[in-house]
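Before any comments, here is the structure.
Heavy-atom basis, side chains included; hydrogens, waters and symmetry copies ignored. Every value quoted in this text rests on a predicted model; they were computed, and no experiment measured them.
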Amino acid sequence: MLFAIATVLFLPGAVFGLAGGLLFGPLWGTILNLIGATLGATAAFLVGRYLAGDWVRRRAGPRLERLVAGVEAEGWRFVAFVRLMPLFPFNLSNYAFGLTRISLTHYVLATLVCMLPGTLAFTWLGHAGREAAAGNATAIRYALIALALLAAIAFLPRLIRRLRGGEATRWIEVDELASRLKEAGGIAVIDVRGPDEFSGPLGHIAAALNMPIGQLAERLTEIKALEATPVVLVCWTDKRSANAAAVLRDAGFRDVRVLRGGMERWNRSGLPVDSRVAVGPA
């Protein structure tokens, strides 16, 4: 019940997932965590549909349009996709789904099934913490199980994009980007590293906007005007940028490319960098 209430109140579910494993073990912890998260997601869905529609519309903003469009196109499969890929904040999406046409039954079933991998991972991690505190050698095994589950979840977005026929990553080389940046406008550069890396030893491209990948889904409204503009994503190498590209494409951005080799290759090519502290968009 605490997990359900926390979900409705926008509290982080990961804390309760760990607590479930710590208190009840891997089996009952997983069952109780999954029930709690599903009850909370269902309650938020019903509140959004019948009680607080206007508030949800204001809070969700343009993200609501993407949810509605996704549900219209794919139904429960889109709910499953959102549960497995964190394109939208979990607690807010629970409310926002209430404003779509999806039936309560399809929503609950898709939520229940597709939250299971993450629930298992956090429950096992909490259980491993309890075993470690008790000095049991099995803690290492439980921790490895939890890490394996988290690794599998990290791989899921790539698998889902392939199954959904997602667009392959489009690349841009450093010399081509440097040439295009000399032209007057017409391209946007978004650096998805953290602020410490953005102003760190490798520096950043002078024209780049810093938007860490962990914040990207929540800050899409800030770059809404760039949907029809060519966007180049940059990170340390190009791994995070490739993941960020999928987020932008799913959000409706038409021309998204990834800088091959990232700032490492940009620096090796002797191209100019800036090390000033990041600032937000105008």
> Within the distance-only criterion (no hydrogens, no angle test), does the side chain of Ser179 pair as donor or acceptor with the backbone N or O of Asp175 below 3.5 angstrom?
Replying inline: no

>> If I take atom CZ from residue Phe3 and atom CG from residue Leu34, how far apart are they, to the nearest 0.5 angstrom?
In response: 9.0 Å

> Should Asp255 and Arg170 be marked as a side-chain contact (heavy atoms from CB on, under 4.5 Å) after you check the CA-CA gap, both sets of side-chain angles, and the distance that decides it?
Replying inline: CA-CA 9 Å; Asp255 187 354; Arg170 298 178 62 193; 3.2 Å; yes

>> What's the separation between atom CG in Leu259 and atom CD in Glu176, rounded to the nearest 0.5 Å?
In response: 10.0 Å

> Within a strict 4.5 Å, meaning less than it, do heavy atoms of the Val79 and His106 side chains meet?
Replying inline: no

> Can you tell me if Thr100 uses its side chain to pair, donor with acceptor, with the backbone of Phe97 under 3.5 Å?
Replying inline: yes

>> Same cluster or not: Ile213 versus Leu226, using hydrophobic residues (I, L, V, M, F, W, Y) connected whenever any side-chain heavy atoms lie under 4.5 Å apart?
In response: yes

> For Ala60 and Leu92, which heavy atoms make the closest approach, and how far apart are they?
Replying inline: CA-CD2, 4.0 Å

>> On a heavy-atom basis, which atom in Thr229 and which in Ala188 lie closest, and how many Å separate them?
In response: CG2-N, 4.2 Å

> Are any non-hydrogen side-chain atoms of Val231 and Ile223 less than 4.5 angstrom apart?
Replying inline: no

>> Checking the side chain of Tyr107 only, and the main-chain atoms of Ala41 only, is there a donor and an acceptor separated by less than 3.5 Å?
In response: yes

>> Measuring only between side-chain heavy atoms, which start at C-beta, is Val232 closer than 4.5 Å to Ile187?
In response: yes

>> Before you tell me yes or no, could you show the steps for Thr111 and Arg83 under side-chain contact (heavy atoms from CB on, under 4.5 Å), namely the whole-Å CA-CA distance, both residues' side-chain angles and the distance that decides it to 0.1 Å?
In response: CA-CA 7 Å; Thr111 295; Arg83 292 308 185 208; 3.3 Å; yes

>> Quick check: do Glu227 and Phe253 have side-chain heavy atoms less than 4.5 Å from each other?
In response: yes

> Would you say Val256 and Met211 are hydrophobically clustered, going by side-chain heavy atoms of ILVMFWY under 4.5 Å?
Replying inline: yes

> Yes or no on side-chain contact (heavy atoms from CB on, under 4.5 Å) for Asn267 and Met263, after CA distance, side-chain angles and deciding distance?
Replying inline: CA-CA 6 Å; Asn267 276 261; Met263 289 305 299; 3.7 Å; yes

> Can you tell me how far CG of Leu177 sits from CG of Leu271, rounded to the nearest 0.5 angstrom?
Replying inline: 8.5 Å

> Is it the case that Arg59 places NZ or CZ above or below the six-membered ring of Phe10, under 6.0 angstrom from the centre and within 45 degrees of the axis?
Replying inline: yes

> Sub-3.5 Å donor-acceptor pair from the side chain of Ser241 to the main-chain atoms of Thr237, do we have one?
Replying inline: no

> Does atom NZ of Lys224 have more than 12 heavy-atom neighbours, drawn from other residues, nucleotides or ligands, at distances under 6.0 Å?
Replying inline: yes

> What are the two closest non-hydrogen atoms of Arg49 and Leu104, and how far apart are they?
Replying inline: NH1-N, 4.4 Å

> After noting the C-alpha distance and the side-chain angles of Leu112 and Leu116, does the key distance pass the side-chain contact (heavy atoms from CB on, under 4.5 Å) rule?
Replying inline: CA-CA 7 Å; Leu112 179 69; Leu116 180 59; over 6 Å; no

>> Checking the side chain of Trp266 only, and the main-chain atoms of Pro272 only, is there a donor and an acceptor separated by less than 3.5 Å?
In response: yes

>> By the definition ring pair (Phe, Tyr, Trp, His ring centres under 6.0 Å), identify the one residue from Phe90, Trp55, Phe45 that meets it with Tyr95.
In response: Trp55

>> When you compare the side chain of Val8 with that of Val47, does any pair of heavy atoms fall below 4.5 Å?
In response: no

>> Please tell me whether Leu209 and Val192 are part of a single hydrophobic cluster in this structure, the criterion being side-chain heavy atoms less than 4.5 Å apart.
In response: yes

> So which heavy atom on Val113 is nearest to which on Pro117, and how close?
Replying inline: O-CD, 3.8 Å

>> Has Gln215 got a side-chain atom pairing as donor or acceptor with Pro212's backbone, closer than 3.5 angstrom?
In response: no

>> Within this structure, what is the CG-CZ distance for the pair Leu233 and Arg193, rounded to the nearest 0.5 Å?
In response: 12.5 Å

> Roughly how far apart are Trp28 CH2 and Leu23 CG, rounded to 0.5 Å?
Replying inline: 15.0 Å

>> Do Ile35 and Phe24 sit in one hydrophobic cluster, given that two such residues count as connected whenever their side-chain heavy atoms are within less than 4.5 Å of each other, even indirectly?
In response: yes

> Yes or no on salt bridge (Lys or Arg N to Asp or Glu O under 4.0 Å) for Asp238 and Arg265, after CA distance, side-chain angles and deciding distance?
Replying inline: CA-CA 10 Å; Asp238 51 39; Arg265 186 169 296 184; over 6 Å; no

>> Would you call the rings of Trp124 and His127 parallel, tilted or perpendicular, taking 30° and 60° as the class edges?
In response: perpendicular

> Hey, what do you get for CD1 (Ile5) to CE (Met1), rounding to the nearest 0.5 Å?
Replying inline: 5.5 Å

>> Between Asn33 (side chain only) and Thr119 (backbone N and O only), is there a donor and an acceptor less than 3.5 Å apart?
In response: no

>> Taking Leu11's backbone N and O only, do any of them form a donor-acceptor pair with Asn91's side chain (distance below 3.5 Å, no angle check)?
In response: yes

> Is a side-chain donor or acceptor of His204 paired with a backbone partner of Asp274 at a separation under 3.5 angstrom?
Replying inline: yes

